[in-house]
Structure formats: structure tokens, C-alpha cells
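Everything on this sheet refers to the single structure shown next.
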Amino acid sequence: GDKDYTDKQNWGAVQRLFSTDVIEWLKTEMDKDPEQHNYQGTIAFLELGHLLKSAWLDDSPVDPLKPIEKAADCLTRLLYWRYWLSERVKHPDRRVIDHYNMKAHFATRETFLDCIISCSTRILVYKQYRDHPQLCKWKVVGNRISSRFSEYIFQHIRMSNTHTPAVRA
């Protein structure tokens with residue numbers, strides 16, 4: 001795995017935030033007083049993060065199709081979120097168009113691409129194992145795989161769009 005954690009997020013906080021406990025707690029709080037507490041957007045975002053995290057990091061002995069389902073579900077939700085926002089541009093009321101814009105209500109371009117690449121990679125890893133049974137002697141567990149290869153892919157994609165490896169080009 002990666003040795004340099006200086007540029008990493010607070011991983012413990014990420015695990016706690018995207019847990020089913022937090023999601024269920026928010027749902028319970030919203031159900032108590034739906035008029036005052038509408039957390040549907042927050043819950044949808046946390047569920048998206050939970051799916052992405054658990055597609056890679058679920059160590060429980062599960063059917064190999066479960067991580068693929070989680071990755072595909074994450075992709076579907078992410079793409080629908082983007083589609084839903086892009087459809088607001090066609091709304092006849094200018095206030096709706098101004099309120100629901102991509103910049104304020106969607107993930108950054110880097111996050112969007114990272115999620116797509118991560119989910120697609122998770123799905124393709126199992127295709128590799130299906131097509132090459134000799135690889136099955138190694139258990140695929142996301143928390144034991146370095147992110148370095150993904151970072152090289154992200155860098156390459158950024159360079160093809162911006163001609164620089166910098167994130168904020």
C-alpha cells in the first residue's frame with residue numbers, strides 16, 4: 001500500500017461518515033419530523049459513498065458479484081444525479097435553472113472521474129479473474145491494493161484534458 005499518508009484524507013472519519021449507522025441515524029431523524037429535517041440529499045450522497053467504499057473494502061466472504069453490484073449501483077446513482085441536474089437546465093423557470101447548477105450541486109470533475117474509474121476498475125478486476133483463473137489464488141481486497149496505479153491513470157486523464165498533471169489546472 002501507500003507509505004506516504006501526508007496527502008491522504010482522514011480515513012477513520014471517512015469510514016465512520018459513510019457507515020450504515022450514520023445513514024440509518026439520518027433516516028430516523030428525518031422520519032421524526034420530515035417538515036423540519038429533510039436529509040434526502042445528504043442521505044443519497046452518503047449512500048453513494050458507502051457503495052463506493054464497500055465495493056472495494058468489504059472483507060467479508062461474499063459472493064464475487066456483490067462488489068460488482070455495488071460498483072454498478074454507485075455508477076448508476078452517480079450518472080443519474082448528473083443527468084437529473086443537467087435536465088434542470090431545460091426547466092422553463094429561470095430560478096430552478098439558477099438553483100440546480102452543476103457547480104453548486106454536483107461533485108467536482110476530478111471526483112466524478114475518480115468514481116467512474118474506480119467503479120469501472122472494480123468491475124473489470126472480476127472480469128480478469130473470471131477470464132484468468134490462475135489469478136484466483138490471490139484474494140482481491142480493496143484495502144490491500146495500493147492506489148498508486150489509479151493515481152497514474154488519473155494523472156494521465158488530467159494531462160489529456162489540461163496538458164498538466166496538476167489537479168487544479
Side-chain angles (χ1 to χ4, degrees), residues 1-2 5 7-127 140-147 150-151 153-154 157-158 167-168:
D2 289 340
Y5 288 99
D7 65 337
K8 302 294 182 195
Q9 287 102 4
N10 182 339
W11 181 238
V14 169
Q15 290 178 303
R16 288 188 302 275
L17 186 62
F18 291 122
S19 70
T20 53
D21 293 340
V22 171
I23 294 167
E24 291 306 316
W25 178 80
L26 275 175
K27 286 179 181 178
T28 303
E29 289 299 308
M30 192 171 72
D31 290 343
K32 287 180 186 175
D33 189 3
E35 294 298 317
Q36 286 293 99
H37 299 83
N38 186 350
Y39 302 127
Q40 290 177 337
T42 304
I43 291 169
F45 178 77
L46 293 175
E47 286 176 340
L48 187 72
H50 176 73
L51 284 169
L52 183 61
K53 178 184 73 100
S54 60
W56 278 100
L57 303 177
D58 192 359
D59 272 340
S60 61
V62 295
D63 176 1
L65 293 179
K66 286 294 179 195
I68 293 172
E69 288 172 8
K70 290 177 182 179
D73 191 9
C74 184
L75 271 176
T76 302
R77 291 178 189 214
L78 185 68
L79 294 173
Y80 182 77
W81 178 17
R82 185 175 170 92
Y83 167 77
W84 188 88
L85 284 172
S86 68
E87 286 297 301
R88 302 296 75 91
V89 176
K90 300 174 187 173
H91 199 278
D93 186 349
R94 184 69 196 172
R95 291 173 298 177
V96 172
I97 294 170
D98 291 341
H99 179 72
Y100 291 110
N101 62 62
M102 287 286 187
K103 187 169 178 73
H105 294 281
F106 194 66
T108 64
R109 179 185 66 156
E110 289 81 14
T111 302
F112 178 62
L113 289 175
D114 288 355
C115 288
I116 288 175
I117 292 168
S118 180
C119 290
S120 300
T121 301
R122 189 57 169 156
I123 293 166
L124 292 173
V125 162
Y126 277 102
K127 183 183 180 317
V140 180
V141 179
N143 59 356
R144 297 186 193 134
I145 298 175
S146 171
S147 65
S150 294
E151 291 302 324
I153 292 173
F154 302 150
I157 290 171
R158 284 191 296 268
V167 174
R168 304 231 183 263

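If you read the sequence from its start, that first residue is 1, and numbering goes on from there.
To the nearest 0.5 Å, atom CD of residue Glu47 and atom OG1 of residue Thr20 are 10.5 Å apart. Expressed to the nearest 0.5 Å, how far NZ of Lys27 lies from CG of Asp31 amounts to 9.0 Å. Taking CG from Asp73 and CG from Leu78, the interatomic distance works out to 11.0 Å, rounded to the nearest 0.5 Å. Between atom NZ of residue Lys103 and atom OG1 of residue Thr108 there is a gap of 10.0 Å, rounded to the nearest 0.5 Å. Here the straight-line distance linking atom CG of Leu46 with atom NZ of Lys53 works out to 11.0 Å at 0.5 Å rounding. In this structure, CD1 in Ile117 is found 11.5 Å from CG in Leu124, a value given to the nearest 0.5 Å.
Looking at Ile116 and Phe112, their side chains come closer than 4.5 Å, going by heavy atoms from C-beta outward. For the pair His50 and Ser19, the minimum side-chain heavy-atom distance is 4.5 Å or more. Residues Asn101 and Leu85 have side chains not in contact (no heavy-atom distance under 4.5 Å, counting atoms from C-beta outward).
By the 30° and 60° cut-offs, the orientation of the rings of Phe18 relative to Phe45 is tilted.
The residue from Leu17, Thr28, Ile43 that alone fulfils the side-chain contact (heavy atoms from CB on, under 4.5 Å) condition with Ile23 is Ile43.
Salt bridge status for Arg82 with Glu87: absent, with no side-chain N to carboxylate O gap under 4.0 Å.
Under the 3.5 Å distance criterion, the side-chain polar atoms of Arg88 are left unmatched by any main-chain donor or acceptor of Tyr100. Looking at Thr111, its side chain never comes within 3.5 Å of a backbone N or O of Ala107 through a donor-acceptor pair.
Pairing each heavy atom of Ala72 with each of Ile123, the nearest pair is N-CD1, 4.2 Å. Closest heavy-atom contact between Arg122 and Ala55: NE-O, 2.6 Å. Closest approach of Cys119 and Leu75 over heavy atoms only: CB-CG, 3.5 Å.
For the pair Arg77 and Trp81, the cation-pi criterion (under 6.0 Å, within 45° of the ring axis) is not fulfilled.
Checking Ser118 against Thr121 by side-chain atom types alone, no donor-acceptor pair falls below 3.5 Å.
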